[in-house]
Amino acid sequence: MPSPRIQALAQDALGTVWAATDKGLAAIRGPGQVVVVGSADSVIALAAGREGLWVAAGEGVRLVRGDVMGGPLAGVPPGDATVLMEDRD
């Protein structure tokens with residue numbers, strides 16, 4: 001784990017449990033199977049969605065597909081998102 005301080009948890013459609021910490025994002029796939037994904041920036045909120053995992057961090061909102069974190073989402077100022085949700089459509 002990037003840090004023992006977990007700020008949010010989410011589970012995706014494949015069963016991966018994601019842990020948002022104050023030093024980055026981790027994917028937990030089973031006992032002893034932890035993969036650190038992304039930067040050392042503080043991750044504030046998570047939301048499992050149809051396209052992947054939405055991540056709100058100090059650097060902005062990003063979409064994680066598999067173990068690859070995309071760049072910041074355009075139109076969302078860094079640090080402004082504290083809660084993430086995806087609608088049904």
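FYI, the numbering just counts along the sequence from 1.
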Worksheet entry | Donor-acceptor pair between Gln7 and Ser42 side chains, under 3.5 angstrom | yes
Response to the item:
To the nearest 0.5 Å, atom CZ of Arg65 lies from atom CD of Glu51 at 5.0 Å
Worksheet item: Could you state the interatomic distance from CZ (Arg50) to CG (Asp12), rounded to the nearest 0.5 Å?
Response: 14.5 Å
Worksheet item: Would you call Val55 and Val61 a side-chain contact if the rule is heavy atoms closer than 4.5 Å?
Response: no
Practice prompt. Could you tell me whether the side chain of Arg5 and the main chain of Thr21 form a donor-acceptor pair under 3.5 Å?
Written response: no
Worksheet item: Have Trp18 and Gln11 got a donor and an acceptor in their side chains that come within less than 3.5 Å?
Response: no
Worksheet item: Is there side-chain contact between Leu46 and Leu84, with heavy atoms separated by less than 4.5 Å?
Response: no
Worksheet entry | Where Ala45 and Ala8 come nearest, the two heavy atoms and their spacing | CA-CB, 4.4 Å
Discussion item. Looking at every heavy atom in both Ile44 and Gly58, which two are closest together, and how far apart are they?
Written reply: CD1-N, 4.3 Å
Item to complete: Determine the minimum heavy-atom distance between Gly71 and Arg62, stating which atoms define it.
Response: CA-NH1, 3.5 Å
Worksheet item: Given the rule in the side chain to side chain contact (heavy atoms under 4.5 Å, CB included) test, do Leu25 and Val64 qualify, once you have shown the distances and angles that lead to the verdict?
Response: CA-CA 10 Å; Leu25 180 66; Val64 177; 4.0 Å; yes
Worksheet entry | Nearest non-hydrogen partners of Leu53 and Ala10, listed with the distance | CD1-CB, 4.1 Å
Worksheet item: Would one find more than 12 heavy atoms of other residues, nucleotides or ligands at under 6.0 Å from atom CZ of Arg29?
Response: yes
Worksheet item: Can Val17 and Leu9 be said to form a side chain to side chain contact (heavy atoms under 4.5 Å, CB included), step by step?
Response: CA-CA 7 Å; Val17 175; Leu9 293 169; 4.3 Å; yes
Worksheet item: Which atom names give the shortest non-hydrogen contact between Gly24 and Pro2, and what distance separates them?
Response: C-CG, 3.9 Å
